[in-house]
Amino acid sequence: MSEHVEGRIGRRTHNAGALRAGNAGETVLLQGWVHAIRDAGGVMFILLRDRHGLTQVTLDETAPEAAWEVARRVRLEWVVEVEGVVARRAEAAVNPDMPTGEIEVRPTRLAVLSASRPLPFTPGTQAPVSEQVRLQHRYIDLRRPELQRNLLIRHRAAQAARRYLDRLGFLEIETPVLTRSTPEGARDYLVPSRVHPGEWFALPQSPQIFKQILMVAGCDRYFQIVKCFRDEDLRADRQPEFTQIDIEMSFADRDAVMAVAEGLARHVWREVLGVELEPFAVLSYAEAMRRFGVDKPDLRFGLELAELDWGATGFRVVRGALDAGGIAKAMVVPGAAGDTSRKTLDAWTEFARRYGLGGLLWGKVKEGDAWSGPLGKVEAELRAGIPGVSPGDLVLVAAGPAAAVNAGLGNLRNHVARERGLVPEGVFRFAWVVDFPAFEWDEEAGRWVALHHPFTAPKPEHVALLGTGREAEVLSDAYDLVCNGYEVAGGSVRIHDGEVQRKVFAALGMDAEEARARFGFLLDALASGAPPHGGIAAGFDRWVMLLAGTDNIRDVIAFPKTTTAQDLMAGAPAPVDPEQLAELHVRNTV
Ligand code: ASP
């Protein structure tokens, strides 16, 4: 990815990625970092680097002695200034892998602008460096061309999003960072108030409440590229502070919000990668769970799950699961009978167990259709239930509680696809998942909790089910956008009717008093002439991960946190002075 920078910046005539054969003969002035040095005895090569690229500076017997004196002194990652003449390289020295590979700069003057202390690693060396060391010295790691490219992709994506939303009449409006608890359901980051002893701000888990209030305030169309804070256990695709493209629209139904978000993704992919996205599939939550076991299916490959109608089976393991109210599902891995060892099957079983499955049953379909393995005994029953099984295929079956079967097989599906090379590169398969259950049962709390948040509108035809003990059946007008197995956006039509809101709070076990205490100002706003409205928030870091082709979220954030929520460069979190704590009316208990 190259950049075109207009005009001359400072003393530089060009950046380090700009010179081509056509510039031969020109006198230039470059500034940048020493990426590599090679002393070939009598000839010295210095690779000069900046964010735009690399240029070779070659000193030979024609270089002035003063330049030689500096060249012998410089070390990797020093910052230098080179004045010289662009020369075409000899045929044999042309480097086709470098955009500037046809030329070199022959210096007439070389000067050190800044020296560097000895560094634990440099961007130009290939030696493996742990992520911990890289994060401690983020300013050095960020000099790597890969990370520079990711920052550029991030910038382009943000600018494209802004242009698209601006064109559709969305206003970019900032909302507070010091606020009170928001309804996303994760743990809050809290900030003590100095001025109000014993009282605390919460950092927003999202601008949810404020964006709804902006709709009540008549802003019509709002967006913000905004930091959100959630104190959750971290994963490879999660950070404690992350960025959303947050959107809310008035007088909009589900389809209108989905159309804007889909258009936004299409626009960003087109602008950043030049890619025209395929049509977005639409799946109900129920269909996604049935076919893929998860609500963020990766549609780049098959391996769909089949629910087995094993009502009358005598097969012991399955019988037990069904009698306990569970389900049984199968996944067929085409052509895997021959090359899947016992060791692999054991590893897959271990993998599935992490999701609460007791185990995996397997059967290898041989030539002539006989099945080997534990499923051999129920071959006839299975054959009827799973269409399209051919000799050479491997059949995996899981039985148990629905949640464990779906999570176990659903995640194993992704794992197996990756292991067997079934995931095509450079492909983006977007899909909408709609018609989510409004509530899920929280075992620990012994009550229903909102699957999205308590302001999500139930489907109008399901409102009548509220308060009748049939909460499990209530579907909501919520929608998630998924791509390649990641949830990349989520939102909903909001409740704008006070009576429906009261019923939803009641279903969540929240009485009027508690609802008032937590969200009173939103409820007042919603009772003050609220337009019908809905919105969505896109996980911007995940978008950039997909655009950049990485599965590590830290690769697309300039200053990320570790998986244990630390900033290793700044050394945060860190103890503070007792006086600061006293001022905040806070005492350390550790
Ligand atoms: N605030 C929600 C979230 O962050 C998104 C939305 O409903 O718009 O998940």
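Given the structure is predicted, the values throughout are model-derived calculations rather than measurements. In listed order, ligands and their atoms are each counted from 1.
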Evaluate the side-chain proximity of M569 to Y139: yes if any heavy-atom separation is below 4.5 Å, no if none is.
->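 With C-beta onward as the side chain, the pair touches.
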Does [X] come within less than 4.0 Å of [Y], counting only side-chain N to carboxylate O?
X: R516; Y: D524; result: yes
X: D435; Y: K459; result: yes
X: E241; Y: K561; result: yes
X: K503; Y: D497; result: no
X: E583; Y: R194; result: no
X: R502; Y: E499; result: yes

Any N/O of R494 closer than 3.5 Å to an N/O of ligand 1?
->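 Right, the criterion is met.
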Polar atom proximity, D246 to ligand 1 (N or O, under 3.5 Å) |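 For ligand 1, there is no N or O atom that lies under 3.5 Å from one belonging to D246.
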Considering only heavy atoms of H453, which atoms of ligand 1 have at least one such atom less than 4.0 Å away?
->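 Close to H453: 7 (O).
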Any idea which atoms of ligand 1 are less than 4.0 Å away from a heavy-atom of G490?
->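 Contacts of ligand 1 toward G490, numbered from 1: 5 (C), 6 (C), 8 (O).
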Give a yes/no verdict on whether any heavy atom in H452 is under 4.0 Å from an atom of ligand 1.
->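 H452: no contact with ligand 1 (<4.0 Å).
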With backbone taken as N, CA, C and O and side chain as the heavy atoms from C-beta onward, which portion of A537 lies under 4.0 Å from ligand 1: side chain, backbone, both, or neither?
->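 Both of them.
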I536 contact mode with ligand 1 (heavy-atom cut-off under 4.0 Å) |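 Backbone only.
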Counting heavy atoms only, which of R230, Q244, E184, K211 is nearest atom 8 (O) of ligand 1?
->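 Minimum heavy-atom distance to atom 8 (O) of ligand 1 goes to K211.
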Would you mind checking which non-hydrogen protein atom is closest to atom 1 (N) of ligand 1, with the distance to 0.1 Å?
->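 Nearest neighbour among protein heavy atoms for atom 1 (N) of ligand 1, to 0.1 Å: Q208 OE1, 2.6 Å.
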